[in-house]
Amino acid sequence: MFTCSRVITSLSRSFSTSSVNNAKVAVCGASGGIGQPLSLLLKQSPLVTQLSLYDIVNTPGVAADLSHMDTRASVKGYNGPDELKNALKGMDVVIIPAGVPRKPGMTRDDLFNTNASIVRDLALAIAEVCPKALVGIISNPVNSTVPIASEVLLKAGVYDPNRIFGISTLDVVRANAFIAEAKNLDPAQVNIPVIGGHSGVTIIPLISQAKPSVEFPADKLKALTERIQEAGTEVVKAKAGTGSATLSMAYAGARFALSLIKALNGEPNVIECTYVRSNVTEAKYFATPVLLGPNGIQKNLGFGKLSAFEAGLLEKAIPELKKNIQKGEDFVNK
Ligand code: NAD
């Protein structure tokens with residue numbers, strides 16, 4: 001008995017040694033508006049030891065450029081579908097910002113036709129090459145691309161709902177920034193949970209649960225909530241046809257990827273809001289604060305008590321979310 005548990009302990013230790021402080025991260029879509037600054041931020045982090053940059057164009061240049069930084073991670077570029085599986089081999093974390101962004105007048109759902117097949121094909125390769133990786137999806141519409149990747153992994157017999165994440169961190173980052181600005185607080189000290197999904201009415205900032213706690217008159221609360229929900233469109237309009245949020249998204253994506261790595265490394269109390277498979281509401285996928293651990297989701301923390309205003313937002317979000325989820329699942333299954 002003693003020997004057995006010692007063997008198990010030493011095995012789990014040697015398993016964790018291979019991932020502890022030794023994180024291998026792939027970025028799929030690494031040459032894009034998000035992919036490049038995201039890869040820069042990951043290359044800058046001492047938590048990353050290997051950075052695998054995959055795209056269908058321009059990765060040799062991006063990889064050569066980043067590889068000259070005097071930081072720890074080794075960097076390699078992989079270009080085109082023939083190199084995809086090599087890019088994914090042995091990866092602990094895969095972050096996916098591949099796909100087209102919005103132009104003015106478009107909703108995230110308008111991107112479905114192009115991005116659905118991109119995410120499906122990347123998920124097929126993940127299922128084959130690195131099914132145990134923690135996978136973070138940035139490609140829109142996140143409400144549908146997470147169900148798409150999940151269905152692909154399920155069909156391949158390697159689905160673990162604790163390992164697939166829709167990266168909705170930018171909604172939290174925006175909520176923190178806007179509330180801090182409105183109350184003249186240090187944004188680094190503000191934390192607003194954002195639940196639901198990642199588009200329009202499905203984005204539900206829980207300002208009633210803000211830390212530190214803040215109060216607003218009803219009209220101001222409504223305006224702030226709508227600004228958080230439509231913040232992506234604010235950037236799309238300002239960029240006037242040249243794309244959507246890239247720099248703030250890279251910041252948010254790096255924060256989420258590094259949280260996954262910290263959790264892999266056994267750091268306690270790593271919590272992020274993220275869009276995941278969920279039993280919290282009647283929507284099959286739903287963003288809530290989640291405690292992360294070495295195997296992905298350790299515990300879904302749910303969303304606590306909502307104000308009457310937030311309960312109204314939730315009611316509006318659920319039918320839209322269910323529709324987006326069904327559309328993703330149908331894409332893989334029909
Ligand atoms: P971009 O066009 O600048 O970059 C996309 C990259 O994906 C390009 O380099 C392209 O070559 C690459 N690509 C295309 N097909 C590919 C494939 N099959 N395999 C690998 N790479 C492929 O776009 P962007 O501004 O970086 O945005 C990327 C995605 O992120 C969009 O879908 C956008 O809507 C989404 N986004 C999500 C959030 C979020 O909060 N989750 C925020 C902003 C943008």
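This is a predicted model, so every value here is computed, not measured. Whatever order the structure lists ligands and atoms in, that order sets their numbers, starting from 1. Throughout, residue positions are numbered sequentially from 1 according to the sequence presented.
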May I ask whether Cys28 has any heavy atom positioned less than 4.0 angstrom from an atom of ligand 1? no

Would you say Gly243 contacts ligand 1, with heavy atoms under 4.0 Å as the rule? no

Over 60° means perpendicular and under 30° means parallel, so tell me whether Phe112 and Phe331 are parallel, tilted or perpendicular.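 Rings of Phe112 and Phe331: perpendicular, over 60°.
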
Does [X] approach ligand 1 within less than 4.0 angstrom via side chain, backbone, both or neither, non-hydrogen atoms only?
X: Ile34; answer: both
X: His198; answer: side chain
X: Thr246; answer: side chain
X: Ile138; answer: both
X: Ala98; answer: both
X: Ile167; answer: backbone

Between Glu234 and Arg174, is the closest basic N to carboxylate O distance under 4.0 Å?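 Salt bridge: no.
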
Carboxylate-amine/guanidinium contact Lys155 Glu151, below 4.0 Å: no

Could you list the residues that satisfy side-chain hydrogen bond (donor to acceptor under 3.5 Å, both in side chains) with Gln50, not counting sequence neighbours?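 side-chain hydrogen bond (donor to acceptor under 3.5 Å, both in side chains) list for Gln50, sorted by chain: empty.
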
Identify, with sequence neighbours excluded, every residue that meets side-chain hydrogen bond (donor to acceptor under 3.5 Å, both in side chains) alongside Asn269. none

Heavy atom to atom 4 (O) of ligand 1, shortest distance: which of Pro81, Gly32, Gly29 holds it?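 It is Gly32 whose heavy atom sits nearest to atom 4 (O) of ligand 1.
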
Got a sec: does the NZ of Lys327 have more than 12 other heavy atoms crowding it under 6.0 Å? yes

